[in-house]
Engineer: 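The structure follows.
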Amino acid sequence: MLQKVVALLLVLSLLACGDATPNNPYPASEAQQDIYYNAFAIQPRYLDPAKSYTTDQTAFVMQIYEPPLQYHYLMRPYELTTLTTAQMPQIKYFDQNDREVSASARETRVAYSEYIITIQPGILYQPHPAFAKNEEGQYLYHVLTTRDILGIETLSDFKETGSRELTADDYVYQIKRLASPTVNSPIYGLMRDYIIGLAELNQQLVQVYDEQTPEQQALAYIDLNNYDIEGLQVVDRYTYKVKLHGKYPQFKYWLAMPFFAPMPQEALVFYAQMPLIKKNITLDWFPVGTGPYMMTENNPNRRMVMEKNPNFRGEPYPLQGMPEDLTKGLLADAGETMPFIDKVVFTLEKENIPRWSKFLQGYYDSSGIESDNFDQAIQAGGGQASLTPELEAQGIALLKEVQLTDFYWGFNMLDDQVGGYSVKQQKLRQAISIAFDVEEFIAIFLNERGLPAQGPLPPGIFGHAEGVQGINPYVYNDVNGRAMRKGLDEAKRLMFEAGYPNGINPATGRRLIVNMDVSSRGDPDEKARFAWMRKQFDKIGINLNIRATDWNRFRAKQEKGLIQMYFMGWVADYPDPENFFFLFNGDNGKALQGGVNSSNYNNPRFNRLFNRMKNMEDTPEREKIIQEMTDILRKDAPWVWGFHPESYLLKQDWVHNININQMVRGSMKYIRVDSQLRAQQRKAWNQATYWPILVVVAFFLLLLLPLIISYRNKEHRSVQKRFKDK
Amino acid sequence: MFAYITRRILYAIPILIGVNLITFLLFFVVNTPRDMAVTHLGDKYTTEEAIEQWIKSHGYDKPRFFDAEASGLKKITNTLIFTQTKNMFLLQFGTSDTGRDIGQDVKERMGPSLAVAIPALLFGLATNIFVALLLTFFRRSYLDLYGVSFCVALMSISSLFYIIIGQFLLGKIFRWVPISGYIGGWSAAKFVLLPVIVSVVAGVGSGARWYRTLLLEEVNKDYIRTARAKGLSSMQVLFKHALKNAMIPILTGVVVVIPTLFMGSLLLESFFSIPGLGSYTIDAIRSQDFAIVRSMVYLGAVLYIVGLILTDISYTLVDPRVRLQ
């Protein structure tokens with residue numbers, strides 16, 4: 001047996017010696033190719049643009065589908081620019097008598113608005129079997145039987161593909177899909193309030209769906225060409241019109257999201273076939289777009305591969321950027337035709353440790369930083385986080401950006417104790433806000449990757465104030481232009497004035513008890529976080545009772561208003577202050593109206609200002625209103641203003657043009673890779689060490705020797721014993 | 001034997017109904033279809049209509065246990081529990097919350113699970129038997145004492161530790177194999193080597209100790225003494241007599257796990273990014289895709305019962321004294 005083990009090890013070592021980098025997880029043939037390698041931790045649930053919402057989905061979808069608009073890759077604050085459109089949409093406002101009014105007209109005068117969108121001619125879809133036709137012009141694969149697809153396991157197994165030009169019809173069809181019960185789009189609830197006729201279309205389609213047989217329902221397809229609505233109109237082959245109720249300037253941002261990307265009806269007909277559905281060949285897994293990349297392999301259990309769309313028209317790299325972009329090298333490719341990379345390979349990597357190790361070995365081109373690896377990657381010095389010398393020596397670069405996101409601890413304003421708008425109730429919340437040392441939270445739990453919030457607006461959003469105006473005077477003192485958290489004495493004074501001296505509740509004669517509900521997933525560091533939170537409340541004499549539940553229970557409690565405090569986050573959909581302030585709009589209350597205002601905040605003055613501000617252009621007047629709204633919120637303190645998290649991204653030396661940002665989801669086309677440098681570095685970093693194999697073999701051989709001796713002695717002893725017995 | 005197997009299969013039916021009932025209660029009563037819809041649709045702009053539509057499109061809008069409005073037998077058959085149980089018994093797992101066909105996914109993922117599980121089982125079995133024989137041969141010696149202590153030490157370490165150390169040493173420091181990943185076909189060998197080594201090392205402590213116990217039990221029996229008295233060497237006695245008889249519980253112990261090999265290893269597959277059924281289950285739990293979790297629990301129960309029946313049959317094959325009636 002031992003001999004076999006030794007032989008096996010030798011064979012193994014011989015095999016390994018044949019490859020200088022046997023730990024390479026990719027085929028050797030890919031070494032010199034322009035491929036971008038990355039990892040994904042969670043399988044995207046959908047790649048249907050009408051449903052894709054989360055970043056793990058849009059990371060794929062936005063490389064393939066093209067909505068009419070996009071965000072400028074380099075300019076900040078974020079700017080919208082054209083993607084498939086010839087120019088920016090033409091926006092017209094009309095009163096009740098169908099007379100056009102100016103853009104500056106008051107909201108009450110505007111009955112409806114029109115967005116006229118004209119796309120560029122000549123844009124082609126990626127090659128796809130849905131478009132394949134025979135010589136008679138009939139679609140080859142629109143009526144498939146189980147027998148027809150024998151041997152077909154994935155989309156690339158179809159022999160024939162076709163393409164066609166993108167038209168305005170495809171955009172209109174997709175917008176109709178938002179109302180379809182077969183799609184269940186997450187933004188239908190919002191869009192039905194704006195797009196004229198969308199709610200009625202939904203009612204019609206629900207009726208049609210209900211009348212379908214279970215077999216038809218399983219195909220999830222309704223021909224939407226049979227349904228026209230007032231809010232959607234195809235003007236000509238390349239132009240379409242979207243009609244909205246009233247004025248909704250934020251609609252332009254939605255036009256840069258996947259929900260408004262075009263959908264060819266051929267694709268929907270093709271995918272609505274049971275034999276394909278049974279093989280998981282569906283629109284959710286095999287998108288059909290006009291973008292720079294197309295999905296050629298989709299195995300969400302292992303890897304997803306996107307390759308350059310051969311029909312892509314080409315797009316020039318931006319010519320303009322921010323002043324610092326020049327020094328960062330982000331304008332080196334200005335004017336060059338994109339995309340630069342031939343192929344993008346995303347590999348499923350669920351655990352942090354192997355993902356991080358493979359990044360360090362050069363097998364991933366970029367990586368985030370998990371708390372497990374933070375000390376290995378980042379060192380603090382001079383108040384600035386920088387890379388460790390080891391990583392710098394590898395040529396790795398650190399990119400940072402504050403996210404357009406709020407994480408906060410909210411109060412339920414409907415609660416008798418911590419809610420309400422009286423001065424005493426305000427003071428209780430302000431006292432808690434002071435005691436809650438957010439800076440310490442960021443240092444302990446986020447490795448300093450976050451910015452303490454001074455209000456709801458993160459940096460980069462119009463209306464976010466810097467300097468003295470940007471400091472929340474109820475929680476911080478202005479010390480030479482820097483925000484310094486007020487002392488505990490101030491918090492205790494506020495507690496006294498709020499009617500809770502030293503935290504004692506006069507009604508009970510005991511310490512005030514506050515309940516905080518959190519959605520829990522049983523993270524390992526949750527216990528430490530909860531202990532830290534209790535400590536913050538304890539500083540001002542309050543006992544914090546944390547009620548950790550799963551997301552559904554947590555949400556149900558919120559809907560019923562059965563909570564006092566809670567912890568939540570909000571990720572911006574678009575870079576406009578309206579997308580943050582509407583979280584405080586009284587009409588959006590969670591408990592009463594089922595909206596997104598989880599604190600059920602309802603201040604009439606704030607509501608009036610919100611309704612004025614939401615439809616304004618970014619003018620000084622709007623900025624003034626935003627400042628006033630922020631002041632109201634700071635005083636009322638419906639949230640303990642938590643933090644805006646900061647993204648850290650590491651990129652390898654051979655990767656160029658990565659500009660970390662939250663809004664530009666279709667960023668793969670901008671990235672360039674020096675594959676030769678990568679191949680050299682990988683080889684240098686991954687030379688296998690073979691001597692341990694010899695050590696292992698020697699160890700087993702050495703082990704063998706005493707065993708043989710022992711065996712011989714044992715056998716000999718037995719003989720001696722037998723002889724003596726005789 | 002045929003009657004025995006038929007009886008065992010019939011016994012399995014109430015067990016499977018029980019498993020199905022428990023999972024149904026867990027996934028449809030404790031966690032309602034509405035909860036599933038909310039988890040699935042998100043929180044931002046979700047409407048009541050969207051929630052209802054999601055429930056309807058997944059067929060979860062039926063009454064759970066009893067349809068009072070239906071007539072006759074439909075009072076029972078037009079319920080969620082009946083349709084779900086019927087589908088499970090027909091091994092029609094339906095679609096996951098993301099719309100993927102679960103049966104197809106299970107088929108695709110069995111291969112990678114087996115690619116790790118089969119070599120891990122075979123090499124693990126060989127290693128455990130080898131170590132157990134060694135310890136038995138040198139029983140009551142220092143080698144036995146230190147060997148058993150070492151086995152206890154190995155048993156006491158979490159399998160996660162072996163995974164991390166394995167990836168660190170073999171993948172990161174020595175760079176012999178990829179740290180994680182998987183490619184189908186023969187190229188898979190490069191990727192499964194490390195998980196197999198880790199699996200064998202992690203299991204050798206408990207496995208070798210158990211087999212040593214079985215072997216020790218045999219070497220103390222009369223027929224061994226008779227064999228020794230006949231003048232056979234210790235080696236001959238151990239390999240030709242003791243091992244052969246100790247193989248009965250060893251083999252039957254192995255047979256019971258063979259069907260469950262299809263289910264893969266939760267931890268191993270997750271850490272090594274092996275796209276098998278183990279990581280499928282873990283992912284489903286993480287994303288609260290209860291359609292998959294229920295299917296995997298049910299499939300696990302079926303395979304376990306199959307394993308137990310196979311064990312009984314294997315007894316008759318390896319031990320002529322056993323007859324199934």
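A quick note: this is a predicted structure, and the numbers were derived from the prediction, not measured.
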Engineer: In terms of heavy-atom pairs under 4.5 Å, which option from I183(B), L143(B), L194(B) contacts chain A the most?
Structural biologist: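 Counting heavy-atom pairs under 4.5 Å, the top option is I183(B).
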Engineer: With a 4.5 angstrom heavy-atom cut-off, could you sort out which part of Q203(A) is near chain B: side chain, backbone, both or neither?
Structural biologist: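 Neither part; nothing is under 4.5 Å.
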Engineer: Among L134(B), D283(B), T47(B), I163(B), which has the most heavy-atom pairs under 4.5 Å with chain A?
Structural biologist: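 Max contact count across the listed options: D283(B).
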Engineer: Does any non-hydrogen side-chain atom of S357(A) lie less than 4.5 Å from one of Q167(B)?
Structural biologist: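 A side-chain contact under 4.5 Å is absent here.
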Engineer: Any heavy-atom pair between the side chains of Q43(A) and R100(B) that's under 4.5 Å?
Structural biologist: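 Heavy-atom side-chain distance check fails, nothing below 4.5 Å.
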Engineer: Please classify the contact between R555(A) and chain B as side chain, backbone, both or neither, with a heavy-atom cut-off of under 4.5 Å.
Structural biologist: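 Only the side chain of R555(A) comes within 4.5 Å of chain B.
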Engineer: Under the rule for ring pair (Phe, Tyr, Trp, His ring centres under 6.0 Å), what residues qualify as partners of F359(A), not counting sequence neighbours?
Structural biologist: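 Ring pair (Phe, Tyr, Trp, His ring centres under 6.0 Å) check on F359(A) returns W356(A).
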Engineer: In terms of side-chain heavy atoms, does K350(A) have a donor or acceptor partner in S273(B) at a distance below 3.5 Å?
Structural biologist: no
Engineer: Please assess R175(B) against W685(A) for the test side-chain contact (heavy atoms from CB on, under 4.5 Å), listing each intermediate value before the final yes or no.
Structural biologist: CA-CA 10 Å; R175(B) 306 179 198 102; W685(A) 296 348; over 6 Å; no
Engineer: For L360(A), is it the side chain, the backbone, both or neither that has a heavy atom under 4.5 Å from a heavy atom of chain B?
Structural biologist: side chain
Engineer: Please flag which part of Q217(A) lies under 4.5 Å from any non-hydrogen atom of chain B: side chain, backbone, both or neither.
Structural biologist: neither
Engineer: Among the options W54(B), F168(B), F138(B), pick out the one with the most heavy-atom pairs lying under 4.5 Å from chain A.
Structural biologist: F138(B)
Engineer: Could you go step by step and tell me if E559(A) and R34(B) meet the salt bridge (charged side-chain N to carboxylate O under 4.0 Å, His left out) rule?
Structural biologist: CA-CA 13 Å; E559(A) 281 171 349; R34(B) 190 189 152 76; 3.8 Å; yes
Engineer: For side-chain contact (heavy atoms from CB on, under 4.5 Å), just list the numbers for Y690(A) and F174(B), CA-CA rounded to whole Å, side-chain angles, deciding distance to a tenth of an Å, and then say yes or no.
Structural biologist: CA-CA 7 Å; Y690(A) 292 117; F174(B) 302 146; over 6 Å; no
Engineer: Less than 4.5 Å to any heavy atom of chain B: does that hold for the side chain of T282(A), its backbone, both, or neither?
Structural biologist: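 For T282(A), neither part sits under 4.5 Å from chain B.
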Engineer: Please look at I353(A) and chain B and tell me whether the side chain, the backbone, both or neither of the residue comes under 4.5 angstrom of a heavy atom of that chain.
Structural biologist: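 Side chain only.
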Engineer: For residues R553(A) and D35(B), determine if any side-chain heavy atom of one lies less than 4.5 Å from a side-chain heavy atom of the other.
Structural biologist: yes
Engineer: Any side-chain heavy atom of S287(B) sitting closer than 4.5 Å to one from R45(A)?
Structural biologist: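 Yes, close enough: below the 4.5 Å cut-off.
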Engineer: Answer with side chain, backbone, both or neither: which region of E48(B) has an atom nearer than 4.5 Å to a non-hydrogen atom of chain A?
Structural biologist: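 Answer is neither: E48(B) stays 4.5 Å or more from chain A.
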Engineer: When rounded to the nearest 0.5 angstrom, what is the spacing between NZ in K190(B) and CG in N23(A)?
Structural biologist: 8.0 Å
Engineer: Would you mind checking which part of Y363(A) comes under 4.5 Å of any heavy atom in chain B, side chain (CB onward), backbone (N, CA, C, O), both or neither?
Structural biologist: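 Nothing of Y363(A), per the 4.5 Å heavy-atom cut-off to chain B.
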Engineer: Would Q104(B) and E153(A) count as a side-chain contact (heavy atoms from CB on, under 4.5 Å) here? Give the steps.
Structural biologist: CA-CA 10 Å; Q104(B) 179 72 14; E153(A) 296 301 327; 3.6 Å; yes
Engineer: N301(A) versus D105(B): any side-chain heavy-atom pair under 4.5 Å?
Structural biologist: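 In short, these two side chains touch, coming nearer than 4.5 Å.
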Engineer: Using modelled atom types only, decide if a donor and an acceptor are shared between the side chain of N280(A) and the backbone of D101(B) within a distance under 3.5 Å.
Structural biologist: yes
Engineer: Do R192(A) and E49(B) meet the salt-bridge criterion of a basic N to acidic O distance under 4.0 Å?
Structural biologist: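 Yes, this pair counts.
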Engineer: Taking W176(B) for the side chain and T689(A) for the main chain, is one N or O donor matched with an acceptor at less than 3.5 Å?
Structural biologist: yes
Engineer: I would like to know whether V38(B) and N552(A) meet side-chain contact (heavy atoms from CB on, under 4.5 Å); could you show each step before the answer?
Structural biologist: CA-CA 7 Å; V38(B) 170; N552(A) 289 320; 4.0 Å; yes
Engineer: Can you name the residues that form a side chain to side chain contact (heavy atoms under 4.5 Å, CB included) with M568(A), not counting sequence neighbours?
Structural biologist: Y408(A), W551(A), F554(A), Q558(A), Y566(A), S598(A), D43(B)
Engineer: Please examine the side chains of F272(B) and P354(A), heavy atoms only from C-beta on, and report whether any two atoms are closer than 4.5 Å.
Structural biologist: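 Answer no - side chains too far apart.
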Engineer: Only pairs of heavy atoms separated by less than 4.5 Å count here; which of P275(B), G181(B), S141(B), G99(B) has the most with chain A?
Structural biologist: P275(B)
Engineer: Can you see whether S270(B) engages E351(A) through a side-chain donor-acceptor pair at a distance of less than 3.5 angstrom?
Structural biologist: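 Short answer, yes.
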Engineer: If you define the side chain from C-beta out and look only at heavy atoms, does anything of L41(B) sit under 4.5 Å from N184(A)?
Structural biologist: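 SC-SC contact between L41(B) and N184(A) confirmed.
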Engineer: Taking side chain as everything from C-beta outward and backbone as N, CA, C, O, which of these in D210(A) sits under 4.5 Å from a heavy atom of chain B? Side chain, backbone, both or neither.
Structural biologist: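 Side chain only.
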Engineer: List the atom of Q53(B), the atom of P181(A), and the distance in Å for their closest heavy-atom pair.
Structural biologist: CD-CB, 3.3 Å
